[in-house]
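Following: one structure in structure tokens, then a few remarks.
Here the structure is a predicted model, which is why all the values come from computation and not from measurement. Computation of the quantities below employed the complete heavy-atom set of this structure, encompassing side-chain atoms and omitting hydrogens, waters and symmetry-equivalent molecules.
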Amino acid sequence: MNTHVPADGPTDIRLIDAPASPLIGAADLAESLAEYGDLPRPAPHTQAELAALIGLLARPKARVETVTVGHSRDPASRAAAEAFTAAWQARGGTVLAVVDWPESAASWLRPAKRLTAEQPDAWVIAAAPLGFAQLARRLRHSTDWDPARTVAFAALQDSRLPALTGPDTLHGLRGASTGGGTWEVNHRWVTARPPAAADG
């Protein structure tokens, strides 16, 4: 941490290089929205989407038993989180915590800490993109959250999201699309994959 010490002694020490905030500033946010357009509100999830999301967690090599679920407070995200929680528990999985957050907050530190208070095998996110962009930046800055251990509903399948958060903030995040396919964030890109072909 750099300080300034006046010539006549250390009586007036002040910070000159305070840590930068991890949040998207108002000016940067306005510029991004002007460039990329408004991000859409989450739509109701589909059964195919829910099945694909569970499929990402239930792969044999994944070894996921415990999850923490996070969601924004809009009705579609809340319903998706509730549907996932019920389905995961019906499979015998454990939900350690369910955390929600508003679309705007002063620092995002409280929901970030709550989301990472436990040590889940994975995180599951149902959220509106803009609020999650802010939360993700706080998570990466202030906690041990790992996007590569996180899966999300289709509302976050938007190439503008990594542009807002920065290219490495969401690297490794995976999710399900409304039609039952999957997607993954690779630095600044979002790559989609179609649903697996049905046998027979």
Side-chain angles (χ1 to χ4, degrees), residues 20-46 48-59 61-64 67-72 74 76-77 80-81 84 101 103 108 111-112 115-116 120-197:
S21 170
L23 303 184
I24 306 168
D28 290 337
L29 182 58
E31 182 179 334
S32 294
L33 292 179
E35 180 178 354
Y36 300 119
D38 289 336
L39 294 167
R41 301 288 294 168
H45 71 280
T46 66
E49 180 182 353
L50 178 60
L53 191 74
I54 291 174
L56 287 170
L57 296 171
R59 296 176 304 162
K61 292 183 179 180
R63 297 179 182 170
V64 174
V67 300
T68 292
V69 178
H71 66 87
S72 49
D74 60 277
S77 296
F84 171 82
W101 55 82
E103 273 303 278
W108 299 94
L115 203 60
T116 54
D121 298 325
W123 287 273
V124 177
I125 304 296
L130 187 55
F132 183 69
Q134 294 279 31
L135 178 59
R137 286 169 63 114
R138 172 57 75 184
L139 283 165
R140 289 290 271 176
H141 184 271
S142 305
T143 75
D144 61 357
W145 174 72
D146 183 359
R149 289 169 45 207
T150 305
V151 298
F153 280 85
L156 299 185
Q157 184 185 352
D158 194 310
S159 60
R160 294 170 292 184
L161 188 60
L164 273 174
T165 62
D168 294 319
T169 300
L170 297 179
H171 179 64
L173 175 70
R174 295 169 297 140
S177 63
T178 57
T182 59
W183 52 270
E184 182 172 358
V185 177
N186 185 358
H187 298 290
R188 66 180 68 244
W189 307 105
V190 178
T191 304
R193 295 180 179 83

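Not a single donor-acceptor pair under 3.5 Å links the side chain of R137 to the backbone N or O of Q134. In this structure, the side chain of E184 does not engage the main chain of T191 through any donor-acceptor pair within 3.5 Å. With hydrogens and angles ignored, the 3.5 Å screen pairs no side-chain donor or acceptor of T116 with any backbone N or O of D144. Panel note: side chain E49, backbone A154; a donor-acceptor pair is recorded below 3.5 Å. Looking only at distances, a side-chain donor or acceptor of R149 sits under 3.5 Å from a matching main-chain atom of P120. Looking at R140, its side chain never comes within 3.5 Å of a backbone N or O of L170 through a donor-acceptor pair. Judged by distance alone, with hydrogens and angles left aside, the side-chain atoms of D74 form a donor-acceptor pair with the main-chain N or O of S77 at under 3.5 Å. Not a single donor-acceptor pair under 3.5 Å links the side chain of W101 to the backbone N or O of L135.
Nearest heavy-atom pair, A126 versus A80, reported as atom, atom and distance to 0.1 Å: CB-CB, 3.9 Å. Annotation for T165 and A136: closest pair CG2-CB, 4.5 Å, computed over non-hydrogen atoms. Smallest separation of non-hydrogen atoms from G131 and E103: N-OE1, 3.2 Å. Annotation for A48 and T178: closest pair CB-O, 3.8 Å, computed over non-hydrogen atoms. Shortest non-hydrogen contact noted between G180 and A52 is O-CB, 3.4 Å. Taking all atoms of both residues into account, the shortest heavy-atom contact from G179 to P195 is O-CG, 3.4 Å.
Ring planes of H187 and H171: parallel class, angle under 30° (limits at 30 and 60°).
A 4.5 Å side-chain heavy-atom check between V151 and V67 finds every atom pair outside the cut-off. Side-chain contact between R160 and P40: present, with at least one pair of heavy atoms (C-beta onward) separated by less than 4.5 Å. For the pair L57/F84, a side-chain contact is recorded, criterion being any heavy-atom separation below 4.5 Å from C-beta on. Contact annotation: the side chain of V190 never approaches that of L161 to less than 4.5 Å [non-hydrogen atoms, C-beta and beyond]. For the pair L173/W183, a side-chain contact is recorded, criterion being any heavy-atom separation below 4.5 Å from C-beta on.
T150 pairs with exactly one of I125, L139, T68 by the side-chain contact (heavy atoms from CB on, under 4.5 Å) rule, that one being I125.
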